[in-house]
A.B. asks: 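To start, I am sharing the structure in question, which I have written as structure tokens.
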Amino acid sequence: KMLPEVLAGAAENRSSGSVADATTRAELMRLTAKLRQGLMHKPRFEHPAVLKGNVLLHAHLHRLELSPELRTDLRGILVNAPTLVDAMMELAQSQRWMQTSVNVVEFSQYLTQALWVRDHSLAQVPHFSDKEIQHCVKGKGAVKSLREYLTVADEQKKGLATMSDLQCADVTRVCKLMPALRCKFKLYVEDEVEIAERDLVTLLVAFDRTNLVDGRTAPPVHAPMFPAARLESWWVLVSDRAGNLMQGIPPLDRILNYN
């Protein structure tokens with residue numbers, strides 16, 4: 001919950017901290033007051049530039065309306081975000097912080113989809129409001145998550161009853177864009193049949209994105225609330241559960257289907 005403030009405090013984002021227009025200042029004060037009512041963790045820093053960036057990021061994560069001036073400032077922060085989030089991940093990896101690494105990966109997803117920790121994963125589906133989400137998670141044929149919703153046949157998907165044909169087609173299109181992965185894991189020792197104590201063990205992780213045409217790269221992520229194109233990026237996190245420490249592996253980009 002503190003990562004938006006960390007991102008807002010980056011030197012690259014402090015240039016958007018000044019607010020010269022009185023109307024924009026008043027809007028920012030109203031927005032700050034609203035977010036302080038349980039929508040934002042209590043800020044640790046009251047520096048104007050950091051506080052403004054923190055507020056704008058939370059406004060994005062909660063999908064709040066902004067004036068054109070504040071939207072421009074927010075866009076600048078979001079465009080910088082992927083590079084800065086990668087830097088957060090590198091720091092977490094260098095310290096072998098497992099939980100922090102998981103938090104950074106999830107934060108990147110939240111930024112991309114303009115969602116926050118309490119939002120349902122089905123909010124990523126286009127044209128889905130709380131009404132459609134509640135219809136999907138209750139009653140006959142209910143699903144618990146977006147991942148489960150994607151496995152439901154198109155003609156049996158809930159939440160589409162009041163949508164137009166064009167909106168239903170949009171939902172179907174986006175669901176087909178969502179990655180379907182098949183993962184294989186193998187632990188082995190080079191030139192050995194069995195694994196013994198003190199052996200150097202290799203972990204092989206194979207990804208197969210099953211809903212791609214052979215040899216094609218994955219399309220850009222469906223992220224209508226993000227101001228720039230986002231490509232899929234995957235992380236493999238291997239941890240020492242006893243010490244909650246991590247052995248980091250670089251992100252896996254350009255997932256292909258070679259089957």
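Keep in mind that this is a model prediction, so the values were computed, not measured.
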A.B. asks: With a 6.0 Å cut-off (strictly less than), is the heavy-atom count around CG of Leu200, excluding the residue itself, greater than 12?
C.D. replies: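 Not more than 12 within 6.0 Å, no.
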A.B. asks: Just verifying a value: how many Å separate Met98 CE and Gln93 CD, rounded to the nearest 0.5 Å?
C.D. replies: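 Here the interatomic distance stands at 11.0 Å.
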A.B. asks: Please check if the side chain of Asn54 supplies one atom and the backbone of Ala8 the other of a donor-acceptor pair under 3.5 Å.
C.D. replies: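 No.
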A.B. asks: Is it true that a side-chain atom of Gln124 and a backbone atom of Leu146 form a donor plus acceptor pair closer than 3.5 Å?
C.D. replies: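 No; judged by distance alone, with no hydrogens or angles, the pair does not exist.
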A.B. asks: Testing the basics here: between His135 and Gly159, what is the closest heavy-atom pair and its distance to 0.1 Å?
C.D. replies: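 The answer is CD2-N, 3.2 Å.
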A.B. asks: Work out which heavy atom in Val79 is nearest to a heavy atom in Pro227; give both atom names and the distance.
C.D. replies: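 Closest pair (atom of Val79, atom of Pro227, distance): CG2-CG, 4.2 Å.
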A.B. asks: Go through Gln109 and Phe107 one step at a time and tell me if the side-chain contact (heavy atoms from CB on, under 4.5 Å) criterion holds.
C.D. replies: CA-CA 5 Å; Gln109 294 172 317; Phe107 180 50; over 6 Å; no
A.B. asks: Going from CG on Leu160 to CG on Asp170, what distance comes out if it is rounded to the nearest 0.5 angstrom?
C.D. replies: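 Spacing of CG (Leu160) from CG (Asp170) equals 11.0 Å.
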A.B. asks: Measuring from His127:NE2 to Ser164:OG, what's the distance to the nearest 0.5 Å?
C.D. replies: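 Separation between the atoms: 7.0 Å.
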A.B. asks: Check whether any side-chain heavy atom of Arg71 lies under 4.5 Å from a side-chain heavy atom of Arg75, and answer yes or no.
C.D. replies: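 They are not in side-chain contact.
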A.B. asks: Taking atom CG of Leu3 and atom CG of Leu84, what is their separation to the nearest 0.5 Å?
C.D. replies: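 Result: 12.0 Å between the selected atoms.
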A.B. asks: For the residue pair Glu132 / Ser129, report whether a side-chain donor-acceptor contact shorter than 3.5 Å exists.
C.D. replies: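 On atom types as modelled, these side chains qualify, holding a pair under 3.5 Å.
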A.B. asks: Would a distance-only check, ignoring hydrogens and angles, find a side-chain to backbone donor-acceptor pair under 3.5 Å from Arg209 to Leu181?
C.D. replies: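 It does not hold such a pair.
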A.B. asks: Could you pull out the closest heavy-atom pair between Ala92 and Thr100, with the gap in Å?
C.D. replies: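 Closest approach of Ala92 to Thr100, heavy atoms only: CB-CG2, 4.0 Å.
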A.B. asks: Report whether Trp234 and Val238 are members of the same hydrophobic cluster (ILVMFWY, side-chain heavy atoms less than 4.5 Å apart, transitive linking).
C.D. replies: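 Looking at the clustering, Val238 is in the same group as Trp234.
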A.B. asks: Backbone N or O of Ala49 within a donor-acceptor pair of the His47 side chain at under 3.5 Å?
C.D. replies: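 Yes, because the side chain of His47 sits within donor-acceptor range (under 3.5 Å) of the backbone of Ala49.
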A.B. asks: Between Asn13 and Ala10, is there a donor-acceptor pair closer than 3.5 Å when you use the side chain of the first and the backbone of the second?
C.D. replies: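 Answer holds: no.
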A.B. asks: Give the intermediate values and the outcome of side-chain contact (heavy atoms from CB on, under 4.5 Å) for residues Leu61 and Leu111.
C.D. replies: CA-CA 7 Å; Leu61 296 169; Leu111 283 177; 4.1 Å; yes
A.B. asks: Linking I/L/V/M/F/W/Y whenever any side-chain heavy atoms sit under 4.5 Å apart, do Trp97 and Val6 land together?
C.D. replies: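 The answer is no; the residues belong to distinct hydrophobic clusters.
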A.B. asks: With clusters defined by side-chain heavy atoms of hydrophobic residues (ILVMFWY) lying less than 4.5 Å apart, directly or transitively, does Leu66 cluster with Leu115?
C.D. replies: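 Same cluster.
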A.B. asks: Would you say that His120 contacts Phe128 through its side chain, given a criterion of any heavy-atom pair below 4.5 Å between the two side chains?
C.D. replies: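 Result no, sub-4.5 Å side-chain heavy-atom pair not found.
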A.B. asks: Assess whether a salt bridge exists between Asp208 and Lys184, defined as any Lys/Arg side-chain N lying under 4.0 Å from an Asp/Glu carboxylate O.
C.D. replies: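 Looking at Asp208 and Lys184, the cut-off is not met.
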A.B. asks: If you take all heavy atoms of Pro179 and Glu232, which pair is closest and at what distance?
C.D. replies: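 Smallest heavy-atom distance, with atoms named: CB-OE2, 3.9 Å.
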A.B. asks: Is the shortest heavy-atom distance from the side chain of His60 to the side chain of Leu56 under 4.5 Å?
C.D. replies: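 Side chain of His60 against side chain of Leu56, heavy atoms only: no contact under 4.5 Å found.
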A.B. asks: Indicate, with yes or no, if Phe226 and Val221 share a hydrophobic cluster defined by side-chain heavy-atom contacts under 4.5 Å among Ile, Leu, Val, Met, Phe, Trp and Tyr.
C.D. replies: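 No, no single cluster joins them.
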A.B. asks: For a 4.5 angstrom cut-off between non-hydrogen side-chain atoms, does Leu122 reach Val137?
C.D. replies: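 Yes, side chains in contact.
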A.B. asks: Distance-only, no hydrogens or angles: does the Tyr149 side chain make a donor-acceptor pair with backbone N or O of Lys158 under 3.5 Å?
C.D. replies: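 Yes; at least one donor-acceptor contact below 3.5 Å.
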A.B. asks: Report the C-alpha distance between Lys176 and Asp154 in whole Å, list the side-chain angles of each, state the deciding distance to 0.1 Å, and finish with yes or no for side-chain contact (heavy atoms from CB on, under 4.5 Å).
C.D. replies: CA-CA 10 Å; Lys176 293 185 184 303; Asp154 291 343; 3.4 Å; yes
A.B. asks: Side-chain heavy atoms under 4.5 angstrom apart, residues restricted to Ile, Leu, Val, Met, Phe, Trp, Tyr: same cluster for Met225 and Leu7?
C.D. replies: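 In one cluster with Met225: Leu7, no.
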A.B. asks: Does the side-chain contact (heavy atoms from CB on, under 4.5 Å) test come out yes or no for Val117 and Lys1, once each step is laid out?
C.D. replies: CA-CA 8 Å; Val117 291; Lys1 294 181 179 180; 4.1 Å; yes
A.B. asks: For the side chain of Asn80 and the backbone of Gly76, is there at least one donor-acceptor N/O pair under 3.5 Å apart?
C.D. replies: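 Yes; judged by distance alone, with no hydrogens or angles, the pair exists.
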A.B. asks: Between Leu70 and Lys52, is any pair of side-chain heavy atoms under 4.5 Å apart?
C.D. replies: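 Result yes, sub-4.5 Å side-chain heavy-atom pair found.
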A.B. asks: Do you know which two heavy atoms are closest between Pro126 and His222, and how far apart they sit?
C.D. replies: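 In terms of heavy atoms, the two residues are closest at CD-NE2, 4.1 Å.
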A.B. asks: Any chance CD of Glu194 has more than 12 other-residue heavy atoms, nucleotides or ligands included, within less than 6.0 Å?
C.D. replies: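 For Glu194, atom CD is not crowded (no more than 12 foreign heavy atoms under 6.0 Å).
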A.B. asks: For the residue pair Tyr110 and Trp116, does the interplanar ring angle fall in the parallel (under 30°), tilted (30 to 60°) or perpendicular (over 60°) class?
C.D. replies: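 Perpendicular, since the angle between the ring planes exceeds 60°.
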A.B. asks: I'd like to know if the side chain of Arg182 and the backbone of Thr210 have a donor-acceptor N/O pair within less than 3.5 Å.
C.D. replies: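 Here the side-chain-to-backbone pair does not exist.
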A.B. asks: Rounded to the nearest 0.5 Å, what separation is found between the NZ atom of Lys34 and the OG1 atom of Thr32?
C.D. replies: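 One finds 12.0 Å between NZ of Lys34 and OG1 of Thr32.
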A.B. asks: Within a strict 4.5 Å, meaning less than it, do heavy atoms of the Arg147 and Ser121 side chains meet?
C.D. replies: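 With C-beta onward as the side chain, the pair stays apart.
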A.B. asks: Just how far is it from atom CD of Gln167 to atom OG1 of Thr172, taken to the nearest 0.5 Å?
C.D. replies: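 These two atoms lie 12.0 Å from each other.
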A.B. asks: Which heavy atom in Ser108 sits nearest to a heavy atom in Val85, and how many Å separate them?
C.D. replies: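 Nearest pair, atom of Ser108 first, then Val85: CB-CG1, 3.8 Å.
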A.B. asks: Check this for me: Asp130, atom CG, are more than 12 non-hydrogen atoms of other residues, nucleotides or ligands nearer than 6.0 Å?
C.D. replies: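 No, because the 6.0 Å sphere around CG of Asp130 holds 12 heavy atoms or fewer from other groups.
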A.B. asks: With sequence neighbours excluded, what pairs up with Gln156 under the side-chain contact (heavy atoms from CB on, under 4.5 Å) test?
C.D. replies: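 Checked Gln156 against side-chain contact (heavy atoms from CB on, under 4.5 Å); matches are Val152, Ala153.
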